[in-house]
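See below for the structure under consideration.
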Amino acid sequence: MSNKIFMRRFWLLAIVALVVFGCKDASETNTNTDTTISDDVNNNVEQYRSRFHFTPEANWMNDPNGLVYFDDTYHLFYQYYPHGTVWGPMHWGHAVSKDLLNWEHKPIALYPDKHGYIFSGSAVIDKQNTAGFGENAMVAVYTYHNANLEKENSILYQTQGIAYSTDKGETWTKYKNNPVLDNPGIKDFRDPKVFWNVDKLKWQMLLAAKDHIQIYESNNLKNWAKISEFRLNDNPPLGVWECPDLFKLTVEGSTEEKWVLIISHGGESSPNGGSGTRYFVGDYDGITFTTNQKVNKWIDYGTDNYAGVTYNNTPNNKRIFIGWMSNWNYATVTPTETWRSAMTLPRELKLIKNDNGYLVKSKLIDGFDNLTSKVPEAQITGTYPTKFSYSNLQHSVVAFNATINTELSLELSNKDGDTYTVGYNKNTGEFFVNRGKSGHVDFNENYKKSAYQTMQIGTKEQLSITMVLDASSVEIFINNGEYVMTTQVFPNSDFTNFEIKNPKGITINNFEFKEVKK
C-alpha cells in the first residue's frame with residue numbers, strides 16, 4: 001500500500017484513532033449502517049471536484065482496492081480515512097457502478113480492528129465455494145497494518161487477512177482466524193493481488209515484499225504456500241515495491257499470449273518524479289514469472305497515476321485498469337476542501353508488439369463515448385480547430401491526428417492568464433506537458449518541481465492525440481494509448497481557450513471536440 005512515507009508522521013494519531021474507531025469491528029461483522037456524509041457535503045460542488053472521475057464524497061482517499069465485477073456490477077473499494085482530508089488509519093471505502101463511469105457511494109466496507117488498519121488488497125468471487133463462505137461469496141484479501149507493532153520497531157507489523165460478503169458486497173464479515181498469512185520477517189509485506197489460475201485450478205496471490213514480488217497459492221483462500229519470487233537488480237533501486245498485478249493478454253493481431261506484471265514504486269522512481277507504476281511483459285508457467293525486457297516501461301508517464309490495478313472477473317475477460325490520480329509528493333496538500341484525491345478514468349489495457357518489443361496500451365473504455373456529445377461549431381468562437389474558445393472546455397475531449405514537420409505546440413488557457421502547454425519535438429522524440437503556469441502551483445514545492453514533464457516516444461511523422469479534461473486533471477493518450485500522461489491541474493478559473501501555437505508547421509486531420517455531459 002502506497003503510504004509508507006507518511007507512517008511515522010501519523011503514528012500517534014493512528015493509535016488514538018484505532019482505539020476510538022476500531023470498536024466498530026469488535027464483532028468482526030460490519031453491517032454497513034454507519035455514514036458520516038452530510039447533506040451539505042453532498043450538495044457542495046467544489047471548483048476542483050471532478051465531474052466524471054470518481055472522488056470520495058468527503059475526506060481522504062488513495063489506492064483503488066478490491067476491483068471486482070459481479071452480477072452486472074463493478075465494485076470499487078479504496079483506501080479511505082473517513083475523519084479527515086489527510087492520510088489516517090485506513091478503511092476500505094466502497095462504491096458500485098454499472099458502467100465504470102457513474103458511481104453510487106456505499107457505506108464503508110471494512111474498518112480497522114485488533115489486527116490493524118485495512119491496507120490495500122484485492123477481491124475475488126469464490127464461484128466454487130472453495131473457502132466455505134458460500135457459493136459466489138465475494139472475498140476481500142487485504143493487508144493488516146499494526147501500528148502498535150510498528151511503533152515498537154517490529155518488522156512484523158504487516159500480515160494478510162480476508163473478509164467475505166454473501167450479499168454482493170453490502171455487508172462484510174472478517175474471517176475468525178485472521179490473519180491468514182503471517183509476516184515472514186519482511187518490513188514491507190503487503191498489497192495482495194489474488195486471482196484464480198484456470199490452468200492450475202488454484203488461487204494465486206502476488207505480494208509486494210519490500211524490493212521484490214512473492215507469489216503464493218491456495219486451494220481455499222485461507223492457507224497459502226509460497227511458490228516463487230520475482231526480483232530485479234535495479235541500479236539505482238526504484239523504491240519500495242507496491243500494488244502488484246499479474247494477468248495474461250493476447251498480442252493484438254495475433255494468437256500470441258504473454259503475461260504482464262505491474263509494479264508500483266514509491267520514492268522518486270517515476271520518470272517525472274515521485275511515485276509511479278511500471279510494467280513488464282513476459283511469461284508465467286503457473287509458478288515463476290520471467291521476462292527478457294531490458295528497459296523500464298511505464299503504465300503512465302505523468303506524475304498522477306499511481307497504485308493502479310485491474311479488475312477481476314470482468315465480462316469477456318477485459319483487462320480494465322484504474323489508478324489513483326495523485327502523487328505522494330503532494331497528495332495531502334492539493335487545493336481541495338472537503339475531499340481529497342480522485343481516480344483515473346478506467347482504461348482497458350491492450351498488448352501490442354512493434355520494433356521496440358511489447359507495449360501495453362491504455363485506451364478509454366468503450367462506454368466513455370456515451371458521456372460525450374459533439375460541440376456544434378456554431379457554439380465555438382474563433383478559428384476552429386486551431387484557435388478557439390468554448391465555455392465548457394474544462395470538461396471536454398479534444399482529439400486529432402497531426403502530421404508534424406518539426407514540432408507541435410498547443411496551449412490551454414483561461415481569462416486569468418493561466419496556461420497548460422503540450423508539445424512534441426520530432427527531432428528529439430520528446431513529448432512534454434508544462435503545468436508550471438497553470439494556476440495554483442505554489443501549494444507545494446514538489447508540485448512546482450514536476451511542472452515540466454516529458455516522455456520519450458521516438459521520431460513520429462504523425463501523432464494521434466486525445467486529451468480528456470476534467471475539473472482538475474488532464475489525461476493525454478498518444479497513438480491510441482501507446483503512451484499516456486496524466487496530470488493534476490488547478491487553474492484559477494476554467495480553461496476556455498484552445499490554441500495550436502504553430503499551425504503552419506503541422507497538418508491537422510480528424511479533429512473532434514466533444515463536451516462531457518454529466
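- Looking only at side-chain heavy atoms (C-beta outward), F52 and L345 come within less than 4.5 Å of each other.
- I457 places a side-chain heavy atom less than 4.5 Å from the side chain of I478.
- Ring geometry for Y284 against F195 counts as perpendicular: the plane angle is over 60°, on a 0 to 90° scale with 30° as the lower cut.
- With no hydrogens or angles considered, a side-chain donor-acceptor pair links T310 and D245 at under 3.5 Å.
- Considering only heavy atoms from C-beta on, F230 comes within 4.5 Å of T291 through its side chain.
- Looking only at atom types and distance, the side chain of Y390 has a donor-acceptor partner in the side chain of E515 under 3.5 Å away.
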Could you walk me through whether S341 and W324 satisfy the side chain to side chain contact (heavy atoms under 4.5 Å, CB included) test, starting with their C-alpha distance in whole Å, then the side-chain angles of each, then the deciding distance to 0.1 Å, before giving a yes or no? CA-CA 8 Å; S341 295; W324 177 46; 3.1 Å; yes

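- By the 4.0 Å N-to-carboxylate-O rule, E242 lies close enough to R190 to be salt-bridged with it.
- Under the 4.5 Å side-chain criterion, counting only non-hydrogen atoms from C-beta, K361 is not in contact with L349.
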Listing, residues 442-451 side-chain donor-acceptor contacts under 3.5 Å, not counting sequence neighbours, or none:
{"unit_1": "D442", "atom_1": "OD1", "unit_2": "K448", "atom_2": "NZ", "d": "3.3"}
{"unit_1": "N444", "atom_1": "OD1", "unit_2": "N446", "atom_2": "N", "d": "2.8"}
{"unit_1": "N444", "atom_1": "OD1", "unit_2": "Y447", "atom_2": "N", "d": "3.1"}
{"unit_1": "N446", "atom_1": "ND2", "unit_2": "N329", "atom_2": "O", "d": "3.4"}
{"unit_1": "Y447", "atom_1": "OH", "unit_2": "Q488", "atom_2": "O", "d": "2.9"}
{"unit_1": "S450", "atom_1": "OG", "unit_2": "R435", "atom_2": "NH2", "d": "2.9"}
{"unit_1": "S450", "atom_1": "OG", "unit_2": "N446", "atom_2": "O", "d": "3.2"}
{"unit_1": "S450", "atom_1": "OG", "unit_2": "Y447", "atom_2": "O", "d": "3.1"}

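- With a 6.0 Å cutoff to the six-membered ring centre and a 45° limit on the axis angle, R278 counts as a cation-pi contact of W241.
- Using a 30° and 60° split on the angle between ring planes, F513 and Y384 fall in the tilted class, from 30° to 60°.
- In this structure, a donor-acceptor pair under 3.5 Å is present between the side chains of S493 and D416.
- Residues T486 and M325 meet the side-chain proximity criterion, which asks for heavy atoms closer than 4.5 Å.
- When each of Y424, Y452, Y483 is checked for a ring-ring contact (aromatic ring centres under 6.0 Å, His included) with F432, only Y452 meets the rule.
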